[in-house]
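Please read the structure below before turning to the comments.
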Amino acid sequence: MNAVIHTLCWYLHSLAMEQPCLPLLGDEGGWLTAEQTEGFVEAGADLLYASGLRPGMPVLLSAGRTVNSVLALLCIQRVGAAAVLADPRQTPEQVLNSCAPPLEVPFYVKAGGSLRRPALLLTRTQDGACLNLPLASSGCTPAPAVDDPSAPAFYIFTSGSSGRKKAVILSQGNLVSNLLDSAPLGGYAEDDIALGALPLDHVFGLALLTGAIVLRHRLYLTAATAAEELLQIIAREKITRMNGVPSLYLALAKKARAGEARTLRTGYIGGAPWTAEQFRHIESALGMTLVPVYGMSECIGISCASSRAPQAERMAGVGPFYPANCGRIIREDGAQAAPGEEGEVCVRGPMRMLGYHDPAQTAQAVDGDGFLHTGDLGYVDGGGVLHLTGRKKDVIICNGVNLSPRRIEEALLSLPGVRGAVVVGLPDELQGERPWAAVCAGGTPARILDGLRALLPKNELPAGIIWVDALPMTGSGKPDKQAVKELIRQWRNA
Ligand code: AMP
């Protein structure tokens, strides 16, 4: 990918100049055009600058899924500061202390006002002073123009689904280069209206905003999470594309009445594994084309299938590595794996993070050649398609043998009546570790265990299965393995 990369505000400016009336950002309050968006962002950046925010400063943003939150994010970007993207359900202190070493920021920013009169609520952490800054021309010194796409721009917290959260530092260039690589594959169209139903403090949600500004299409933001409500929004706003984790698509597919989601054309699916049956079910229930993507906070997008490929091809694996991404599979002995051979997925390229907030974590994850060791296991087939097989840190070592929780989960999910399954390893006095499962199922426990015996060798059979109504999920909708371990521990101790 050789295109010149700019900042989001640079793309917003050129969009506002060339297509000022394009409705760009919408929510339940209505739509803002590109020109209105830029006007508010310019006014807000001047106010933030006058309040003491400077390029490079980290500032905490409570990242709600509203137009005003996006405006606040763009104001921070326009100043050249870095937005520490926080889950709006958490207090600033919880967010900042959730990673080690804790982050320190001079300001907290929250969106205020209404769509027509947006405002920034700014809290100075030093003395707790709170300012309400309506995004209107203030006559204060304009924030100097900055267009450095390689500067730190976002702090994102990894979902921590299998360990403690890490703060990942990304540049705007990381996001934009990923988008430009994915654009030819992703089935984008000029008249797209994207659904922003994913957290904006996660790269998959942030990618939607980048897509709208750089590829010039509408983005409708909503905090709704219930499938019925999202389906109503899809129909009302004529949504054509979305990004989603498998659990979100499955919830929509379960509730969609025939033809209800007929405007939906394309959606990136990623963030967690799915089965072939689930993939087929989602496509047929929603009448849309799913495009598998694989990515992570540390490297936004790593691989992507093509929206133009037939279903069978799309369904197999998570597509080839992005052209700009140089990917390798490294075996346990450090050698590069041959096609079909399993190893750790390692990537370098323009979408790789600048680093973690903790340099020691960066040194551990990025090798001397600049390759990020993702911790994910997989192989590349003869056709260059990447297949994920599990996560290195999730591997269960039972009597010295490596067991793949993903394989056991797939076996469980293939059984009739099983709606969800998560397998984790727990310490075992005799065997080191053993697999345990949390299962969400309609059938009887005995039938499911019988079914599993027919599919798996003895050492892969779970030591125990707990039955849950719903699997615990992280904020971004992925199965939360830490919470599952805790549930099983409580159940064993009860
Ligand atoms: P996060 O950084 O919180 O977005 O989590 C990234 C992790 O999600 C990756 O390291 C993978 O383990 C997992 N993941 C992402 N995309 C996929 C996918 N398409 N299939 C399976 N797992 C995925």
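Order of listing sets the numbers, starting from 1, for every ligand and every atom in it.
Of the polar atoms of His202, at least one N or O is found under 3.5 Å from an N or O of ligand 1, judged by distance alone. Between Gly271 and ligand 1, at least one N/O pair is under 3.5 Å apart. For ligand 1, none of its N or O atoms has an N or O atom of Thr158 under 3.5 Å away. In terms of polar-atom proximity, defined here as any N/O pair under 3.5 Å, Val293 does make such a contact with ligand 1. Polar contact check, Thr374 against ligand 1: no nitrogen or oxygen pair lies under 3.5 Å apart. The shortest N/O to N/O separation between Arg406 and ligand 1 does not fall below 3.5 Å.
Within the structure, side-chain hydrogen bond (donor to acceptor under 3.5 Å, both in side chains) contacts touching residues 397-413 (residues at least two apart or in different chains) are Asn399-Gln431, Arg406-Glu410, Arg407-Glu460, Glu409-Lys481.
Not a single heavy atom of Phe204 sits closer than 4.0 Å to an atom of ligand 1. Using a 4.0 Å heavy-atom cutoff, Pro292 is absent from the residues neighbouring ligand 1.
For Phe371, there are no ring pair (Phe, Tyr, Trp, His ring centres under 6.0 Å) partners two or more places apart in sequence or in a different chain.
If you number the atoms of ligand 1 from 1 as listed, the ones under 4.0 Å from a heavy atom of Leu388 come out as 18 (C), 20 (N), 21 (C), 22 (N). Close approach of ligand 1 to Ser297 (heavy-atom distance below 4.0 Å) involves ligand atoms 1 (P), 2 (O), 3 (O), 4 (O). Near Tyr294, with a cut-off below 4.0 Å to any heavy atom, the atoms of ligand 1 are 15 (C), 16 (N), 17 (C), 19 (N). For ligand 1, the atoms lying closer than 4.0 Å to a non-hydrogen atom of Gly270 are 19 (N). Close approach of ligand 1 to Val318 is summarised as follows: ligand atoms under 4.0 Å from at least one heavy atom of the residue are 19 (N).
Rounding to the nearest 0.5 Å gives a distance of 11.0 Å between CD1 of Ile269 and CG of Asn243.
Remark: of the listed residues Val424, Ile397, Asp428, Ile397 is the sole one forming a side chain to side chain contact (heavy atoms under 4.5 Å, CB included) with Glu433.
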